[in-house]
Trainee: 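I'd like to ask you about the structure that follows.
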Protein chains: 2
Amino acid sequence: MTTAPQTRKRRMPRAERERQMLAVAEEIFAERGYAAAAMDEIAERCGVSKPMLYEYFGSKEGLLVACIRQARGQLATAITQAAVGATGPRDALRRGLVAFFEFTDAHRRAWSLVLRNEAAVAGQAAAAEVEAIRQEQVEIDLALLTAFLPDAPRVDLEAAAQIVVGACERLSLWYVSRDDVTAEQAADHLMRVLWTGLAALVEPPTAR
Amino acid sequence: MTTAPQTRKRRMPRAERERQMLAVAEEIFAERGYAAAAMDEIAERCGVSKPMLYEYFGSKEGLLVACIRQARGQLATAITQAAVGATGPRDALRRGLVAFFEFTDAHRRAWSLVLRNEAAVAGQAAAAEVEAIRQEQVEIDLALLTAFLPDAPRVDLEAAAQIVVGACERLSLWYVSRDDVTAEQAADHLMRVLWTGLAALVEPPTAR
DNA sequence: GGTCAACCTTACTTTAAGTAGGTTACTTGC
DNA sequence: GCAAGTAACCTACTTAAAGTAAGGTTGACC
């Protein structure tokens, strides 16, 4: 009685409360899907009432956008970090891929908001946020590819970058659903197809 | 006066009305996005009242699912048709790709429901329908790749199929947004990367 | 120990999905 | 031709959840 659990409601500074709200929202969005997620429930699980959510995030869509933006920042950081110290463009690509797959595995809940299309529901802003993630990836790949192939026509490079990003995204969904494949293996599968091509799978190249 | 435009309201047999509703719904979903699309508006533009939509499609999500399912059927037909009469697996793959890009261009409104993630909004059913499209593509690719590489480990083939599907999807979004690229060119870009690999772009192979 | 700001609440409005039950027009057998 | 049945259709409602107005409480700092 003297040392009651003190799990009682507590006032939090804004920054901390926002972080908590994002965590709870991410969980509920991933759990129920955006449409079925109720703001009342998110508020309740935060131990707070609904207008607080609106105070801090403006709207339901705003809350989703904040979740996605957070994940986006984390992903960009992870990939950028992974690429430093690479021995060359090819190594940089591989390291980036590994980091990407590791991230999507570790944050599969957050990432599923992107992958499983929980975005465009809400409207323009959320869709734009998801598209921004992909655009960011394309930029990164484009920079890499340009380093490889300074003389190639721009349009070829753009197409190639889109291909890499699309392959990554889809492969990550597959990879996350399989327990027997590691991030390295997924990256290797992709590197092999991208680098060597399917033809080489048919008949291994003469050398190299 | 004798031959008044007769654009007056008219009773339609169910099948015809359903087709009309699907066409209108597809348009409005693509125009406004799923969330912002109002059932009242769809009904009104059909010249019919809302309960009819619910009578025929059960729910808003059901209507979306019907739209997607229709597009899915059309796409599968287009790809299957394109592949008949191919001279070999490689040609079959290329023809399939061309058909895919042509379809997504011609039906860009319907396809945007899939590409721009207008699905999972609604809930499980719509998401499942979109996933079914991708699964269908994976199956097709898997069959093709197995014909290529009967001895390759299953897991390699699956990864490759996922890569092809992801690349297709992303590339189609890019291609649709560019007026200066034809379906054939998009298919060729993809074939080149997939078949020959990026390495060959760096230094063209010695022979064929 | 007062006062100011930030955190938080109750209780409301609004919008759009979904529905109950009745009405009108086409068709089919006589 | 005409009744009777059925399929297409409507008006008017309920309900659920997003979003908001206006005010109460707590803690920090002079």
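Predicted model, so just to flag it, every value in this text is computed and none were measured. In the text below, chain A, chain B and the rest are named by the order of the sequence lines, each starting its count at 1.
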Trainee: Please list all pairs passing the side chain to side chain donor-acceptor pair (under 3.5 Å) test where one or both residues lie in residues 45-56 of chain A, with sequence neighbours left out.
Mentor: A:E27-A:R45, A:E31-A:R45, A:E41-A:R45

Trainee: Got a sec, which residues hit side chain to side chain donor-acceptor pair (under 3.5 Å) with B:E139, two or more places apart in sequence or on another chain?
Mentor: B:Q135

Trainee: Quick one: list whatever passes side chain to side chain donor-acceptor pair (under 3.5 Å) with B:Q20, sequence neighbours left out.
Mentor: B:R17

Trainee: All N/O contacts under 3.5 Å from nucleotides 23-25 of chain D to the protein, with atom names and distances to one decimal?
Mentor:
unit_1 : atom_1 : unit_2 : atom_2 : d
D:dT25 : O2     : A:R11  : NH1    : 3.4
D:dT25 : O2     : A:R11  : NH2    : 3.1

Trainee: Looking at the rings of B:F100 and B:W111, which for Trp means the six-membered one, are their centres under 6.0 Å apart?
Mentor: yes

Trainee: Listed in order of residue number, which residues of residues 51-58 of chain B have a non-hydrogen atom at under 4.0 Å from DNA chain D?
Mentor: B:P51, B:M52, B:Y56

Trainee: Quick one: side chains of residues 75-82 of chain B, donor-acceptor pairs under 3.5 Å with protein atoms, not counting sequence neighbours, listed by atom name and distance.
Mentor:
unit_1 : atom_1 : unit_2 : atom_2 : d
B:T77  : OG1    : B:G73  : O      : 2.8
B:T80  : OG1    : B:A76  : O      : 2.6

Trainee: Rounding to an integer number of Å, can you tell me how far B:E16 CD sits from D:dA7 P?
Mentor: 17 Å

Trainee: Could you state the atom-to-atom distance from CD of A:Q20 to P of C:dC8 in whole Å?
Mentor: 9 Å

Trainee: Quick one: side chain to side chain donor-acceptor pair (under 3.5 Å) partners of B:Q162, sequence neighbours excluded?
Mentor: A:R170

Trainee: Please enumerate all residues that pass side chain to side chain donor-acceptor pair (under 3.5 Å) together with A:E158, with sequence neighbours excluded.
Mentor: A:R154, B:W174, B:R178

Trainee: Go through the structure and list residues passing salt bridge (Lys or Arg N to Asp or Glu O under 4.0 Å) with B:E16, not counting sequence neighbours.
Mentor: B:R10

Trainee: Side chain of B:K50, base of C:dG18: donor and acceptor closer than 3.5 Å?
Mentor: yes

Trainee: Rounded to the nearest angstrom, tell me the gap between atom CZ in B:R14 and atom P in C:dA25.
Mentor: 21 Å

Trainee: Less than 4.0 angstrom between a side-chain N/O of A:R17 and OP1 or OP2 of C:dA6, yes or no?
Mentor: no

Trainee: Nearest whole Å is fine: how far is C:dA17 P from B:I28 CD1?
Mentor: 11 Å

Trainee: Checking B:E184 side chain against B:V98 main chain: does a donor-acceptor pair fall under 3.5 Å?
Mentor: no

Trainee: Holding to ring-ring contact (aromatic ring centres under 6.0 Å, His included), I want the full list of residues that pass it with B:F57, two or more places apart in sequence or in another chain.
Mentor: none

Trainee: Between residues 38-46 of chain B and DNA chain C, which residues have a heavy-atom gap below 4.0 Å?
Mentor: B:A38, B:M39

Trainee: Tell me, please, which residues at least two apart from B:E129 pass salt bridge (Lys or Arg N to Asp or Glu O under 4.0 Å).
Mentor: B:R69, B:R72

